[in-house]
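Data first, discussion second: the structure below is written as structure tokens.
What you see is a predicted model; the values in this text were computed from it and never measured.
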Amino acid sequence: MTRRRTPRNSVIRLTTGNAARTLNHPFTRREPVLALDFGATSVLVTTNGPVTADDLEFARQLAREAHRFARSVERSFYGLPDRRGVAA
């Protein structure tokens, strides 16, 4: 990923649990929406109008980073002392 050009104004930490889930809404007549649900809080990721090349690049970056995050979680999960559970 590229280096941030502007400083962060704030950070929101959303943690997973039983109520956490992700949903892709691939609408046919409008822009797609990725919903990240954390119980009572939802984060919707979408475009601002017709999809552009920048939107496509962002979606690819998001997919790469999500994949890296999943691999990191798997490594942490399997690193537990009792080795319980199975990562999907």
Side-chain angles (χ1 to χ4, degrees):
M1 289 192 71
T2 60
R3 186 172 288 219
R4 291 184 64 85
R5 293 184 182 142
T6 57
R8 287 187 174 97
N9 290 327
S10 62
V11 174
I12 299 171
R13 181 177 178 164
L14 301 168
T15 57
T16 60
N18 291 340
R21 64 187 181 138
T22 60
L23 294 168
N24 179 45
H25 301 282
F27 298 110
T28 56
R29 296 186 185 264
R30 57 174 280 206
E31 297 77 23
V33 175
L34 175 64
L36 309 173
D37 291 327
F38 301 90
T41 302
S42 291
V43 177
L44 302 179
V45 180
T46 189
T47 66
N48 188 22
V51 176
T52 66
D54 288 338
D55 297 327
L56 178 57
E57 178 54 30
F58 176 80
R60 289 176 175 162
Q61 287 177 3
L62 180 63
R64 277 193 305 271
E65 294 305 316
H67 179 73
R68 289 177 181 156
F69 176 72
R71 289 180 60 193
S72 295
V73 170
E74 286 177 346
R75 279 195 291 275
S76 296
F77 179 76
Y78 286 124
L80 293 173
D82 59 5
R83 299 264 189 213
R84 289 185 306 164
V86 177

Inset, instruction - Just jot down the side-chain contact (heavy atoms from CB on, under 4.5 Å) partners of A66, sequence neighbours excluded, or say none. - result: none
Atom pairs and distances, donor-acceptor, side-chain atoms in residues 17-34, under 3.5 Å, two or more places apart:
none

Inset, instruction - Check the pair V45 / F58 against side-chain contact (heavy atoms from CB on, under 4.5 Å), numbers first and verdict last. - result: CA-CA 10 Å; V45 180; F58 176 80; 3.9 Å; yes
Legend entry - Contact list for residues 38-54, test salt bridge (charged side-chain N to carboxylate O under 4.0 Å, His left out), sequence neighbours left out: none
Legend entry - Contact check, side chains of L14 and L36, non-hydrogen atoms, under 4.5 Å: no
Inset, instruction - Kindly compute the distance separating CG (L62) from CZ (F69), expressed to the nearest 0.5 Å. - result: 12.0 Å
Inset, instruction - Would you please name every residue forming a side-chain hydrogen bond (donor to acceptor under 3.5 Å, both in side chains) with T52, sequence neighbours left out? - result: D55
Inset, instruction - Give the intermediate values and the outcome of salt bridge (charged side-chain N to carboxylate O under 4.0 Å, His left out) for residues R71 and E74. - result: CA-CA 5 Å; R71 289 180 60 193; E74 286 177 346; over 6 Å; no
Legend entry - From T16 atom OG1 to F38 atom CZ, the distance as rounded to the nearest 0.5 Å: 8.0 Å
Legend entry - Which residues share a side-chain hydrogen bond (donor to acceptor under 3.5 Å, both in side chains) with S42, sequence neighbours left out: D37
